[in-house]
2 protein chains.
Amino acid sequence: MKDGAESRRYHHGALREALLEAAEAELIEKGEDGFSLRSTAKRAGVSHAAPAHHFRDLAALLHALAARGFDRLTAVMKAEQAAAGADAAGTDDAAGQVVAAGIGYVRFAIDNPALFQLMFGGRGGGDKPAELAKAAEAGFSVLVNGVARVGGRDALTTEAGWRDVMAVWAIMHGYAHLAIGGKVAWLSDQPFEAQRAVIADQVRRALRLAEG
Amino acid sequence: MKDGAESRRYHHGALREALLEAAEAELIEKGEDGFSLRSTAKRAGVSHAAPAHHFRDLAALLHALAARGFDRLTAVMKAEQAAAGADAAGTDDAAGQVVAAGIGYVRFAIDNPALFQLMFGGRGGGDKPAELAKAAEAGFSVLVNGVARVGGRDALTTEAGWRDVMAVWAIMHGYAHLAIGGKVAWLSDQPFEAQRAVIADQVRRALRLAEG
DNA sequence: CTGCCCCCTTGTCACTGTCAAATCCGTGGT
DNA sequence: ACCACGGATTTGACAGTGACAAGGGGGCAG
């Protein structure tokens, strides 16, 4: 049997994935503090030591979870970017796409606060495996490429280009963090379009573009 | 005896402070993950249950530690600000002072990475006590007041003012986080004055000031 | 000097992450 | 069809953790 999802075979077959799923659910429910390897195992319907075969450590599990988060973050950013591109139709609104990516970034953080916090230096802090670094890098590259398309910037090699990228990144990350921390009621309360306008404004300033 | 520091009286007398001291040392040594209430108690030279009398929870201890961190962060920002004011002597370089505060912010993060991370939503996540919120607010107000002095902005009431404040905050926080994560070798490797220039440039852009 | 109250200690509990050994069961060789 | 092989999973155990309940110790008021 190739098992249609919930087969209860002894050899689970997809335990790794199931564990990650359970882990994210636990993370959302109990928060980063209350998270426990044993209870995620229980939620996945296996014994407390089962995860050991798929993840060396608790840290390894969290790292995998974070990597997954980066994958999704990257996807969200790309999606928003693509949507923005469709909006503006013909015009090469490169800046608008960077803004869109930023919106996606912040939106992801708001939608997945616990995961977002885990991704950025939460628990499981030690030695991040290469896999995680690569996933994070992928998300970052969306931003780099976006900035590179704005006004013929060479975001990859020149120092000024890097500064622009970092500035945009810092703004996105800062807003995301603010939003999660509930520090921006004035922002969160706004309709989404207003939030978009605020962030767009800031990004444009950082890139020295005319406003509006 | 009013005990000159290390008195070994049964009634410690300053256990609360000693525990916070030990806790920070432990935090630095073992990182946020390896941190343990019991071992900080041991480091402070008391039994494992002693902290309970001064901090309801592990979370409470961490909150107090974070509050302390905010106090120091505020102090650093103010100090840098004051130094910048002295530099520019007569000129009312309000923007320069905001920049200085930002520098202080990033510098603090670099100098106290573990503490900084704890302060911003690390462990002990649940219900932040009022004390902590107040300490955080104090640091924030340094920034608010600084921005308010720039170009006659009304940072406290107008929405545009808030946007400016948030933009600067986001930039500072973003850079700080980048620096901690080691993501900005290109920045960290620079001499400090170059870092200052980069951040100054960004802050000025966020406040729509002429560059340079 | 004496009693009291607060600070701290000792002891214990449920729970955590990790390791070692036993157990299960699909797979491939015959 | 059989059967051993070997990886996946379980059971069991151990040191450490945070929280709680009692007990002991000492400084300070009377």
Side-chain angles (χ1 to χ4, degrees), chain A residues 1-4 6-23 26-27 29-66 118 122-127 129, chain B residues 1-4 6-23 26-27 29-66 118 122-127 129:
Chain A
M1 74 174 106
K2 259 314 160 237
D3 81 281
E6 295 311 306
S7 81
R8 270 283 145 267
R9 352 209 291 270
Y10 185 91
H11 288 67
H12 188 295
L15 222 199
R16 194 190 146 94
E17 209 57 30
L19 281 172
L20 286 173
E21 212 77 42
E26 287 278 314
L27 187 65
E29 277 185 18
K30 318 206 179 164
E32 195 165 351
D33 290 337
F35 184 89
S36 136
L37 187 56
R38 278 169 120 103
S39 60
T40 74
K42 187 170 300 180
R43 176 187 282 254
V46 292
S47 77
H48 67 267
H53 245 271
H54 299 272
F55 305 95
R56 181 208 321 270
D57 257 335
L58 165 63
L61 198 169
L62 294 177
H63 286 153
L65 204 53
L118 173 68
R123 216 160 140 188
D127 45 333
Chain B
M1 73 174 106
K2 263 298 156 257
D3 80 281
E6 295 311 305
S7 81
R8 270 285 144 266
R9 354 208 290 269
Y10 185 89
H11 287 65
H12 190 293
L15 222 200
R16 194 190 147 94
E17 209 56 29
L19 281 172
L20 286 173
E21 211 76 42
E26 285 279 312
L27 187 65
E29 276 186 19
K30 317 205 181 168
E32 195 164 348
D33 289 338
F35 183 89
S36 138
L37 189 57
R38 280 170 118 99
S39 61
T40 73
K42 186 169 303 180
R43 175 187 283 253
V46 293
S47 77
H48 66 268
H53 244 273
H54 299 271
F55 306 95
R56 182 210 318 271
D57 257 337
L58 165 63
L61 197 170
L62 294 177
H63 287 153
L65 204 53
L118 173 68
R123 216 160 141 188
D127 45 333

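Chain letters run A, B, ... following the sequence lines, proteins first and then strands; every chain starts at 1. What you see below is based on every heavy atom in this structure, not just the backbone, and it leaves out hydrogens, waters and symmetry mates.
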Please state how far atom [atom1] in [X] lies from atom [atom2] in [N], giving the value in whole angstrom units.
X: B:Asp57; N: D:dC20; atom1: CG; atom2: C1'; value: 12 Å
X: B:Arg16; N: C:dC6; atom1: CZ; atom2: P; value: 18 Å
X: B:Leu19; N: C:dT9; atom1: CG; atom2: P; value: 10 Å
X: A:Asp33; N: C:dG17; atom1: CG; atom2: C1'; value: 16 Å
X: B:Glu32; N: D:dT17; atom1: CD; atom2: P; value: 16 Å
X: B:Phe55; N: D:dT17; atom1: CZ; atom2: C1'; value: 18 Å
X: A:Lys30; N: C:dC15; atom1: NZ; atom2: P; value: 11 Å
X: B:Leu58; N: C:dC15; atom1: CG; atom2: P; value: 18 Å

Does B:His48 contact C:dG11 through a side-chain donor or acceptor facing the base, at a distance under 3.5 Å? yes

Side-chain N or O of [X] closer than 4.0 Å to phosphate OP1/OP2 of [N]:
X: A:His53; N: D:dT9; result: no
X: B:Ser36; N: D:dG16; result: no
X: B:His54; N: C:dC8; result: yes

Is the shortest distance from a Lys or Arg side-chain nitrogen in B:Arg43 or B:Glu29 to a carboxylate oxygen in the other one below 4.0 Å? yes

Assign each of A:Arg56 and A:Gly34 to its nearest nucleotide of DNA chain C by heavy atoms, then name whichever residue's nucleotide is nearer the 5' end. A:Gly34

When you measure from the side chain of [X], which nucleotide among [options] comes out closest?
X: A:Ala49; options: C:dT9, C:dC19, C:dC7; result: C:dC19
X: A:Ser47; options: D:dT10, D:dG18, C:dC7; result: D:dT10
X: B:Leu15; options: D:dT10, C:dC8, D:dA19; result: C:dC8
X: A:Leu37; options: C:dG17, D:dT9, C:dT9; result: C:dG17
X: A:Arg38; options: D:dG18, D:dT10, D:dA13; result: D:dA13

Between A:Leu37, A:Asp57, A:Leu58, which is the residue that forms a side chain to side chain contact (heavy atoms under 4.5 Å, CB included) with A:Pro51? A:Leu37

The answer to which of B:Arg123 and A:Val46 contacts DNA chain D further toward the 5' end, by nearest nucleotide, is A:Val46

Return the minimal non-hydrogen interatomic distance between [X] and [Y], and the atom names on each side.
X: B:Asp127; Y: B:His63; value: O-CE1, 3.7 Å
X: B:Ala66; Y: B:Leu118; value: N-CD2, 4.3 Å
X: B:Phe55; Y: B:Leu61; value: CD2-CA, 3.7 Å

